[in-house]
J.: 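Handing you this structure, nothing more for now.
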Number of protein chains: 2
Amino acid sequence: MRAAILSVGTELLFGQIINTNSVYLSRELQMMGFDVLYHYTVGDNAGRLKEILRAAFKDCELVVATGGLGPTQDDLTKEAVSDVQEDHLRLHEPSLEAMEKIFSRMNRPMPENNKKQAWLPSRAVIFENSEGTAPGFALENGGKTIICLPGPPREMKSVFENKARPFLQSKSGGVIAHKILRAFGVGESVFETELLDLIGGQTDPTLATYAGEGECSLRIASKRESEALAGAAVADMERRVMARAGRYIYSDNGDDLPTVVGKKLISGKISVSSAESCTGGLFAEKLTGVPGISAVFGMGFVTYSNRAKAEALSVSEEILEKYGAVSEETARAMARGVREATGSRLCVSVTGVAGPGGGTPEKPVGLVYIGCLLDGKETCLELRSRDVNRAWNRNYAVLAMFDHINKRLAR
Amino acid sequence: MRAAILSVGTELLFGQIINTNSVYLSRELQMMGFDVLYHYTVGDNAGRLKEILRAAFKDCELVVATGGLGPTQDDLTKEAVSDVQEDHLRLHEPSLEAMEKIFSRMNRPMPENNKKQAWLPSRAVIFENSEGTAPGFALENGGKTIICLPGPPREMKSVFENKARPFLQSKSGGVIAHKILRAFGVGESVFETELLDLIGGQTDPTLATYAGEGECSLRIASKRESEALAGAAVADMERRVMARAGRYIYSDNGDDLPTVVGKKLISGKISVSSAESCTGGLFAEKLTGVPGISAVFGMGFVTYSNRAKAEALSVSEEILEKYGAVSEETARAMARGVREATGSRLCVSVTGVAGPGGGTPEKPVGLVYIGCLLDGKETCLELRSRDVNRAWNRNYAVLAMFDHINKRLAR
């Protein structure tokens, strides 16, 4: 089935906000087996809205629209959609009651113009919005379906997941199961190449790779008659993927690397401290983003200068002079210094050339050393990325720290 | 003049990448006085591309397209554009030579299919691409103009700024000057309200506010017959804005808060160290992102636990017990502890409840204390945000630290 995504809102045309809704909906619709042919963005203008809807229906059977369901005069999506689908608006009492409840819970009178949001197409299937006042809906006419969702991303996602997706699934007579595997230490193209026959060889389950910042992920999705069948098909494919590329995969539940590592440290009651040079505190920032980490996180040192490395971590002048601040020896000495200062069971360090400047032929931008001391056992990892972008190199070094720790904790 | 933006690329329809090009082009075109009516995204499909172009030209005189100029078979933008504009492709020798130079500089043979990128519409104005192999171009026909730009954002921006913008300016018979003022400590709606008569009262210079993460910015743009006239109109409006809302504005050259502060510290040779609790290292990470900061950055401490605050910063148990870790007294003691440990001239600290959990009626999520010790003079700032989002609160607290330092350095 062919689909188009329509975003309504003048603020998008002004470039004031990034259109993340269409990214989300593209992925979700693709996962459900829809072929997304167009994205359209149009302002709050009834004539242009209708023109776009008619153009979209020339090629597509489904249009998913977001935005323009608000209470003000320039929110015109419903009127335009009703017109194109040969319907009319009428007051939908349950939606009005839901709205009145929201305002009474906030102890505020409901503004008169909010009532507009309860006027909905008479033949529509209404999608209750648990996150806001604007309900969504689906409206069909002659084999063409329009789904309208609220514009704010949180509301849009909630209504899509809880209402629109089940609606589309019931239409298509199947249940979808899916799983996301996250991988580090492999580029998207290599990852895809290793799985190419699995990706290309079948229509269900479908596999799709996504490139993230320094990592990538794989979505496995299956659509079958029952949840049990779809789940079994996904699980079977997951086993085949793991046998092929399991060495890259660190998470099968959507957790990112800091969360995977943080949870292991918390459940294992392993105290942790860090010393960072080139990453400037980003490792500590990511780790302290994990809920509950305060139970095990000891200290984070940001030792950017040689003097700080010497004073706070007792890295000797001989090491700094002989091998330089960016060296395996310094990384190891930093980790030992953290251990001395904090007594933590896990002590991790990082030093490198983040760029864009500061590189030499011998120590180029992207060269990073990671020191790791776990219960007295010391390891060191050398990274060489070819990126000169400072933010990218920092992020990649921090992911590599978490990946290294994750592997050490697995042993 | 009415305009549409057309993004070409199947990866956009798959939701694999976010469409940042259309955000950039929307802002730029709006600044130049164009009225952007539509965004379209379409895959690498010649038929649909032509249909979209024809639909866009019903309402618009200008279409700016990005993507589909690559060397592979599925890059079809040029063919479709030529067709719609009643032209044909021919080999553009200067572009071929430029491409050959790029490959010879890299010491690599040029793949045969790259030559495709030098085939361009015969009547087009060619836009050289200094960042890549695909040139852009403008092609006019009967009062309708299409501008084609490469898809990768860096190449797109470079070709737009250096070639497409001057081309459009020469067509419109004017020169544009603009300035970006960045503001902290004021919400976009309040900021806009204070400037409402300036924003609404005239057509040139134009003013537009943009909401950022915890901050906002204002763009002033003017289009006049000469650069001098446009620059004078912008400068005059800037004076009026500063008189009205100058207390919020920290930068008039696009620099963000960490950069503004970092530059002042470097030029003033002011050594700086930090201690962070709720922000987990984000302050140090932002500050060490400023080029050249290593000359003045001493140490960053991430003291997440009470024990770390006591051991590394000598915060007394009495203070931690009597006032709690999130208190003015603790923030001040942390800053003094940093001073003792490092001897830096500027010592800054932060402690707070970042959320989403951990709040109490007395100390709610969003309560943050910032301690600042500059050349012996101590100050403390209390923040109360109403946001329960951890990442947002962390970012806002760090911006507030930089803002507080910036104001102290100004004195």
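Just so we're on the same page: letters track the sequence lines, and every chain starts at 1. Everything quoted here is computed from the prediction, not taken from an experiment.
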J.: Could you tell me whether the side chain of A:Asn19 reaches within less than 4.5 Å of the side chain of B:Asn19, counting heavy atoms only?
T.: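 A side-chain contact under 4.5 Å is absent here.
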J.: Below 4.5 Å from any heavy atom of chain A, which atoms of B:Leu29 appear? Answer side chain, backbone, both or neither.
T.: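 No part of it gets close to chain A.
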J.: Side chain, backbone, both or neither: which part of A:Ile5 has a heavy atom under 4.5 Å from chain B?
T.: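 Neither part.
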J.: With a 4.5 Å cut-off on heavy-atom pairs, point out which of B:Gly289, B:Ser294, B:Gly281 contacts chain A the most.
T.: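 The option with the most such pairs is B:Gly289.
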J.: Does B:Lys286 NZ have over 12 foreign heavy atoms under 6.0 Å away?
T.: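 At most 12 heavy atoms, drawn from other residues, nucleotides or ligands, come within 6.0 Å of this atom.
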J.: Measuring from B:Arg48:CZ to A:Lys58:NZ, what's the distance to the nearest 0.5 Å?
T.: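 Between B:Arg48 CZ and A:Lys58 NZ, I get 13.5 Å after rounding to 0.5 Å.
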J.: What part of A:Ala55 gets within 4.5 angstrom of chain B, counting heavy atoms only: side chain, backbone, both, or neither?
T.: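 Answer is neither: A:Ala55 stays 4.5 Å or more from chain B.
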J.: Heavy-atom distances under 4.5 Å only: say whether A:Thr279 touches chain B with side chain, backbone, both or neither.
T.: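 For A:Thr279, the contact with chain B is made by the backbone alone.
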J.: Heavy atom to heavy atom, less than 4.5 Å: which residues from residues 297-304 of chain A reach chain B?
T.: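 Listed by number, the contacting residues are A:Phe297, A:Gly298, A:Met299, A:Gly300, A:Phe301, A:Val302, A:Thr303, A:Tyr304.
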J.: Most heavy-atom pairs under 4.5 angstrom with chain B, which of A:Ala312, A:Ala284, A:Gly43?
T.: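 Maximum pair count with chain B is reached by A:Ala284.
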J.: Side chain to side chain contact (heavy atoms under 4.5 Å, CB included), that's the test. Do A:His39 and B:Leu13 meet it? Break it down for me.
T.: CA-CA 7 Å; A:His39 293 176; B:Leu13 295 176; 3.6 Å; yes
J.: Please report the closest heavy-atom contact between B:Ser26 and A:Leu12, naming both atoms and the distance.
T.: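 In terms of heavy atoms, the two residues are closest at OG-O, 4.0 Å.
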J.: Within residues 339-348 of chain A, which positions have a heavy-atom distance to chain B below 4.5 Å?
T.: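 Heavy-atom contacts from residues 339-348 of chain A to chain B are A:Thr342.
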J.: Just so I understand: if I count every heavy-atom pair under 4.5 Å between each of B:Leu282, B:Ile18, B:Val42, B:Leu287 and chain A, which residue has the most?
T.: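 Counting heavy-atom pairs under 4.5 Å, the top option is B:Leu282.
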J.: Do other residues, nucleotides or ligands put more than 12 heavy atoms under 6.0 Å from B:Lys157 NZ?
T.: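 No, the 6.0 Å shell around NZ holds no more than 12 heavy atoms from other groups.
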J.: I'd like to know which of A:Ser7, A:Gly280, A:Ser273 tops the heavy-atom pair count under 4.5 Å against chain B.
T.: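 Between A:Ser7, A:Gly280, A:Ser273, the count favours A:Gly280.
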J.: Which region of B:Arg307, side chain (C-beta onward) or backbone (N, CA, C, O), has a non-hydrogen atom less than 4.5 Å from a non-hydrogen atom of chain A, or is it both or neither?
T.: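 Looking at B:Arg307, just its side chain touches chain A.
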J.: We want to know whether A:Arg394 and B:Thr288 form a side-chain donor-acceptor pair, criterion being a heavy-atom distance below 3.5 angstrom.
T.: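 A pair is found: one side chain offers a donor N or O, the other an acceptor, under 3.5 Å apart.
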J.: Can you list everything that forms a salt bridge (charged side-chain N to carboxylate O under 4.0 Å, His left out) with B:Arg219? Sequence neighbours excluded, please.
T.: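 Only B:Glu28 meet the salt bridge (charged side-chain N to carboxylate O under 4.0 Å, His left out) criterion with B:Arg219.
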J.: Look up atom CG in A:Asp59 and atom CG in B:Asn45, then write down how far apart they are to the nearest 0.5 Å.
T.: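 Answer rounded to 0.5 Å: 8.5 Å.
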J.: Can you list everything that forms a ring pair (Phe, Tyr, Trp, His ring centres under 6.0 Å) with A:Tyr38? Sequence neighbours excluded, please.
T.: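 Partners of A:Tyr38 by the ring pair (Phe, Tyr, Trp, His ring centres under 6.0 Å) criterion, ordered by chain and then number, come out as A:Tyr40.
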